[in-house]
Amino acid sequence: MLQVGDRIPDVTLESGDGQQVRLRDLKGPIVLYFYPRDNTPGCTQEACDFRDLHPNFGAAGATVLGVSADSAASHQRFAEKFSLPFTLLADPDHVLLEACGAWQEKSLYGRKFMGIVRSTYLFDADQRLIQVWPKVKVKEHAAQVLAALSGEAPSAAKKTAAKKATKKTAAKKATKKKAAKKATKKKAAKKATKKKAAKKATKKTAAKKATKKTAAKKATKKTAAKKATKKTAAKKKR
């Protein structure tokens, strides 16, 4: 098991995209976090938290690496599904897991077995271990690691993360409002179009009625004229 001050193990593992990654060839600082399995709720949340704060880790010059016993192909699918911007390393033989002390005996419902303990190791620019989180609780863990890396107080890191979350929420609300306004305008335009069409139809109907009335009047006049002509003719015969 690694101790504070130890150098990162000289181990080479396959990444999700099929590359061979030698840890000692990487530039520090390095965040090495171990997680039990791809696509499980807690591991997904932890990966997404590191993803969301990845620009901050990058600004600090740090390399983030996620490690589990899953295959490289599984890592690739996991990374693509959740748009993970950092490297996932496959350690099916538990080489790095055992070297760091993340492969331990666990128990569940009285049954003992070997498995991955969710844990994180932070190495400095010289690849020396400076801090360990031996039994990680996922909530706010990524922010805690970032705080330790940047020298911020944990509360400051939380505030930074909270501000970003607030901005994202505000942006989503603004987008929804814009969409709602567009929808309202479309509805109003449709109603206006229907009203115009209804007015035109009403005018056409009124015009047809007027035409019919005019035609009826003309017909009545013709009939009256014919009757008057017949009466005049009858009087002449008498």
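Quick note: numbers below take in every heavy atom, side chains included, and nothing from hydrogens, waters or symmetry partners. Numbering of residues begins at 1 and proceeds along the displayed sequence. This one's a predicted model, so the numbers in the text were calculated from it and none came from an experiment.
Within the model, atoms CZ of R7 and CG of L2 stand 12.5 Å from one another, a figure rounded to the nearest 0.5 Å. The CD atom of Q104 sits 11.0 Å away from the CD atom of E98 when rounded to the nearest 0.5 Å. Residue S83 holds its OG atom at 13.0 Å from NE2 of H54, rounded to the nearest 0.5 Å. Taking CG from L122 and CZ from R128, the interatomic distance works out to 14.5 Å, rounded to the nearest 0.5 Å. In this structure, the separation between CD1 on I30 and CZ on F57 is 13.5 Å, given to the nearest 0.5 Å. Summarising the geometry, atom NE2 belonging to H141 is positioned 9.0 Å from atom CZ belonging to R118; distances are rounded to the nearest 0.5 Å.
The aromatic rings of F50 and F86 lie perpendicular to each other, with more than 60° between the two planes, well past the 30° mark.
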Checklist entry - Does the pair T120 and E46 meet the rule for a side-chain contact (heavy atoms from CB on, under 4.5 Å), with working shown? => result CA-CA 11 Å; T120 300; E46 184 177 19; 4.3 Å; yes
Checklist entry - Checking side-chain contact (heavy atoms from CB on, under 4.5 Å) for the pair L89/V11: CA distance, chi angles, key distance, verdict? => result CA-CA 11 Å; L89 299 176; V11 173; over 6 Å; no
Item to check | Verdict with reasoning, V67 to Y35, per side-chain contact (heavy atoms from CB on, under 4.5 Å) | outcome: CA-CA 6 Å; V67 185; Y35 64 96; 5.7 Å; no
Checklist entry - Stepwise, does the side-chain contact (heavy atoms from CB on, under 4.5 Å) test hold for Q19 with E14? => result CA-CA 6 Å; Q19 301 297 314; E14 186 178 3; over 6 Å; no
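Formation of a donor-acceptor pair under 3.5 Å by the T44 side chain with backbone atoms of T40 is found in this model. Using a distance-only test at 3.5 Å, with no hydrogens or angles considered, a donor-acceptor pair links the side chain of S71 to the main chain of S74. Without hydrogens or angle criteria, R24 side chain to I8 main chain gives a donor-acceptor distance under 3.5 Å. D91 contributes a side-chain N or O that, together with a main-chain N or O of L96, makes up a donor-acceptor pair within less than 3.5 Å. A donor-acceptor pair under 3.5 Å links the side-chain atoms of D6 to the main chain of Q3, judged by distance alone.
I130 and V145 fall within a single hydrophobic cluster, where Ile, Leu, Val, Met, Phe, Trp and Tyr are joined by side-chain heavy atoms under 4.5 Å apart, directly or via other members. Hydrophobic cluster membership is shared by L129 and L32, with clusters built from Ile, Leu, Val, Met, Phe, Trp and Tyr side chains linked at under 4.5 angstrom. Following chains of ILVMFWY side-chain contacts shorter than 4.5 Å, one can reach W133 starting from V31, so the two form part of one hydrophobic cluster. By the criterion of side-chain heavy atoms lying less than 4.5 angstrom apart, applied directly or through intervening Ile, Leu, Val, Met, Phe, Trp or Tyr residues, L26 is grouped together with L13 in one hydrophobic cluster. Hydrophobic clustering of Ile, Leu, Val, Met, Phe, Trp and Tyr side chains at less than 4.5 Å, counting indirect connections, unites L97 with M114.
For the residue pair P9 and C100, the shortest heavy atom distance occurs at CG-SG, 4.1 Å. Between S15 and A72 the shortest heavy-atom distance is O-CB, 3.4 Å. A69 approaches I116 most closely through the heavy-atom pair N-CD1, 3.6 Å. Heavy-atom minimum distance, S68 versus D70: OG-OD2, 2.7 Å. C48 approaches F82 most closely through the heavy-atom pair SG-CD2, 3.9 Å. What you find for V138 and G42 is that their closest heavy atoms are CG2-O, 3.6 Å.
Annotation for R51: atom CZ counts as buried by contact number, over 12 foreign heavy atoms lying within 6.0 Å. Open room surrounds NZ on K139; 12 or fewer heavy atoms of other groups in view lie less than 6.0 Å from it.
Remark: Y121 pairs with F34 by the ring-ring contact (aromatic ring centres under 6.0 Å, His included) rule, at least two apart or across chains. D124 meets the salt bridge (charged side-chain N to carboxylate O under 4.0 Å, His left out) test with no other residue; sequence neighbours excluded. For D126, the salt bridge (charged side-chain N to carboxylate O under 4.0 Å, His left out) criterion is met by no residue, not counting sequence neighbours.
In the model, E80 has a side-chain atom that pairs as donor or acceptor with a side-chain atom of Q76 under 3.5 Å. Side-chain contact check for D38 and H75: at least one donor-acceptor pair (N or O, by modelled atom type) lies under 3.5 Å.
With contacts defined as side-chain heavy-atom distances shorter than 4.5 Å, the pair V117/K135 qualifies.
Using a 4.0 Å cut-off between a side-chain N of Lys or Arg and a carboxylate O of Asp or Glu, D10 and R22 qualify as a salt bridge.
Taking the ring axis of F113 as reference, the NZ or CZ atom of R111 stays within 45° of it and closer than 6.0 Å to the ring centre.
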